[in-house]
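Structure record follows, encoded as structure tokens.
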Amino acid sequence: MKKHEIKARREENRVDSVKIVRSPSNAHEWVILFKDIEGKTFFLISDDDHVCSYANLDATVEALDALGFARAEVLF
């Protein structure tokens, strides 16, 4: 789900949970998973349809903060 889409869902209280996990393709990077209230799970993706990945947890948390989130579960 793209950044503007996830922001809209957050504003509508349609995001159930947020998880930060290691990237399946590169264990040295982190990705963000969102679960909506219908139970569907989405990766955060860029405008050019690539999964957003981050080199460290600080960058990942900054990305979530920019989207308006204050809480996430970290799975490692």
Side-chain angles (χ1 to χ4, degrees):
M1 185 168 295
K2 295 182 180 178
K3 291 179 182 181
H4 69 277
E5 295 170 315
I6 200 65
K7 266 184 145 176
R9 285 188 185 231
R10 184 194 55 78
E11 291 169 359
E12 297 168 358
N13 293 317
R14 300 197 56 182
V15 177
D16 183 51
S17 65
V18 180
K19 295 183 177 162
I20 301 170
V21 299
R22 291 202 185 268
S23 172
S25 63
N26 183 343
H28 298 289
E29 294 182 342
W30 299 89
V31 295
I32 303 171
L33 293 173
F34 299 96
K35 183 176 179 183
D36 68 12
I37 57 175
E38 289 93 28
K40 295 178 185 174
T41 304
F42 304 93
F43 283 107
L44 180 63
I45 61 171
S46 64
D47 289 333
D48 57 351
D49 294 327
H50 290 96
V51 174
C52 295
S53 61
Y54 304 90
N56 57 56
L57 285 174
D58 288 338
T60 311
V61 170
E62 287 176 18
L64 282 172
D65 185 45
L67 292 170
F69 289 93
R71 182 181 310 197
E73 183 178 4
V74 178
L75 303 174
F76 56 95

Q | Smallest separation among heavy atoms of Pro24 and Phe43, with atom names | A | CG-CZ, 4.5 Å
Q | Any Arg9 side-chain heavy atom under 4.5 Å of Phe42 side chain | A | yes
Q.
Less than 3.5 Å apart, any donor N or O on the side chain of Glu29 or Ser53 sitting next to an acceptor on the other?
A. yes
Q.
Quick check against the 3.5 Å criterion: does Glu5 have a side-chain atom that pairs as donor or acceptor with the backbone of Lys2?
A. yes
Q: Check the pair Lys3, Leu44 against side chain to side chain contact (heavy atoms under 4.5 Å, CB included), reporting the backbone distance first and the verdict last.
A: CA-CA 7 Å; Lys3 291 179 182 181; Leu44 180 63; 3.8 Å; yes
**Q.** Joint hydrophobic cluster, Leu57 plus Leu75, side-chain heavy atoms closer than 4.5 Å
**A.** no
Q. What pair of heavy atoms forms the shortest contact from Ala72 to Leu64, and how long is it?
A. CB-CD1, 3.7 Å
Q) Has the side chain of His28 got a donor or acceptor atom that lies under 3.5 Å from a matching backbone atom of Asn26? A) no
Q) What distance separates Ile6 CD1 from Glu11 CD, expressed to the nearest 0.5 Å? A) 11.0 Å
Q | Shared hydrophobic cluster, Val61 / Val74 (ILVMFWY, side-chain heavy atoms < 4.5 Å) | A | yes
Q | Closest contact, heavy atoms only, Cys52 versus Ser46 | A | SG-N, 3.5 Å
Q | Main-chain N/O of Ala27 paired to Ser23 side chain as donor or acceptor, under 3.5 Å | A | no
**Q.** Minimum side-chain heavy-atom gap Val18-Leu33 below 4.5 Å
**A.** no
Q | Reported CD1-to-OG distance for the pair Ile37 and Ser17, which is rounded to 0.5 angstrom | A | 12.0 Å
**Q.** Which atom of Thr60 lies closest to which atom of Ile20, heavy atoms considered
**A.** CG2-CG2, 3.7 Å
Q: Taking the side chain as every heavy atom from C-beta outward, state whether Trp30 and Val21 have any pair of such atoms under 4.5 Å apart.
A: no
Q: Report yes if the side chains of Asp16 and Asp36 come closer than 4.5 Å at any heavy-atom pair, otherwise no.
A: no
(Q) Please find the pair of heavy atoms, one from Arg10 and one from Leu67, that lie closest to each other, and give the distance. (A) NE-O, 2.9 Å
Q: Check step by step if side chain to side chain contact (heavy atoms under 4.5 Å, CB included) holds for Met1 and Phe34.
A: CA-CA 9 Å; Met1 185 168 295; Phe34 299 96; 5.6 Å; no
**Q.** Contact summary for Tyr54 and Ala63, nearest pair of heavy atoms
**A.** OH-CB, 3.4 Å
Q.
Contact between Lys19 and Lys35 at the side-chain level, heavy atoms closer than 4.5 Å - yes or no?
A. no
